[in-house]
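Single-structure report; data block below.
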Amino acid sequence: MTTFTAWKFETIDGAEKATTVLRDASSEGLIRIEDYAVIEWEQGADRPNVKYENRDELRSAGWGALLGVLVGALFFLPLIGAAAGAAIGVLAKKMDAVGITKDQLDTIGKAVVPGTSALFVVNHDSDRDRLAERFHGLGGTLIGSNLVSAEEEEIRRAFED
């Protein structure tokens, strides 16, 4: 199953540190990354900096485009005013089709603020227990996913403890 997760970090460099762990875990076969994006929002900046990384070129084209639209709608469209409302409505319908609700989009958009960073990951196949060991202590908080609630709670406990 393809999984989308969004992680918030209380520091600007937290998400970048997590990507190092993520790439190492991928090279060891603990996770198969399809795509990811890092959002870093400097204190006092009007908008965040965004870095994208496509891992699996064949499958990530669709997810990469979706991540781009997601990040753009959550962090850049609100800056242009009323027209953003319609665009976010369209985004919500597209994201709902892959298991991400409008409420989750709202939560993600409100959680990532100046002074924080976020990591959005699209992956397939992972060894959650061994992966959680690697992420322990990085301070990430799961703020959105397309997992069912029981799976999401399991990930929260494993990664955030």
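Just so it is clear, the values below take in all heavy atoms, side chains as well, and ignore hydrogens, waters and symmetry mates.
Here the closest non-hydrogen pair linking Ile12 and Gln43 is CD1-N, 4.5 Å. Annotation for Ser26 and Ile33: closest pair CB-CD1, 3.6 Å, computed over non-hydrogen atoms. Taking every heavy atom of both residues into account, Val38 and Glu40 meet most closely at CG1-CG, 3.9 Å. Heavy-atom minimum distance, Ala18 versus Phe9: CB-CZ, 3.6 Å. Closest non-hydrogen pair, Pro114 versus Gly44, comes out as CB-N, 4.3 Å. Listed here is the closest heavy atom pair of Ser117 and Ala15: OG-N, 3.0 Å.
In this structure Asp13 satisfies the salt bridge (charged side-chain N to carboxylate O under 4.0 Å, His left out) test together with Lys17, sequence neighbours excluded. By the salt bridge (charged side-chain N to carboxylate O under 4.0 Å, His left out) test, Glu42 pairs with no residue at all, sequence neighbours left out.
For the pair Thr11 (side chain) and Gly14 (backbone), a donor-acceptor distance under 3.5 Å is present. Although no hydrogens or angles enter the test, the distance criterion places a donor-acceptor pair under 3.5 Å between the side chain of Lys8 and the main chain of Ala111.
Between Val121 and Thr3, every side-chain heavy-atom pair lies at or beyond the 4.5 Å cut-off. Here the side chains of Phe120 and Ile108 are in contact, with some heavy-atom distance below 4.5 Å. Inter-residue side-chain proximity for Leu138 and Trp7 is flagged as unmet; no heavy-atom pair is nearer than 4.5 Å. In this structure the side chain of Tyr36 reaches within 4.5 angstrom of the side chain of Leu119, judged on heavy atoms. Put simply, the side chain of Lys51 does not reach to within 4.5 Å of the side chain of Asn49, judged on heavy atoms.
Connection of Val122 to Ile143 is established within a shared hydrophobic cluster, with ILVMFWY side chains joined at heavy-atom distances below 4.5 Å, either directly or through further cluster members.
Atom CD1 of Ile31 sits about 13.0 Å away from atom CZ of Arg23, to the nearest 0.5 Å. Note that CG of Asp127 and CZ of Arg32 are 14.0 Å apart. Values are rounded to the nearest 0.5 Å.
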Determine, stepwise, if the pair Leu22 / Phe135 fulfils side chain to side chain contact (heavy atoms under 4.5 Å, CB included). CA-CA 8 Å; Leu22 188 67; Phe135 278 87; 4.1 Å; yes

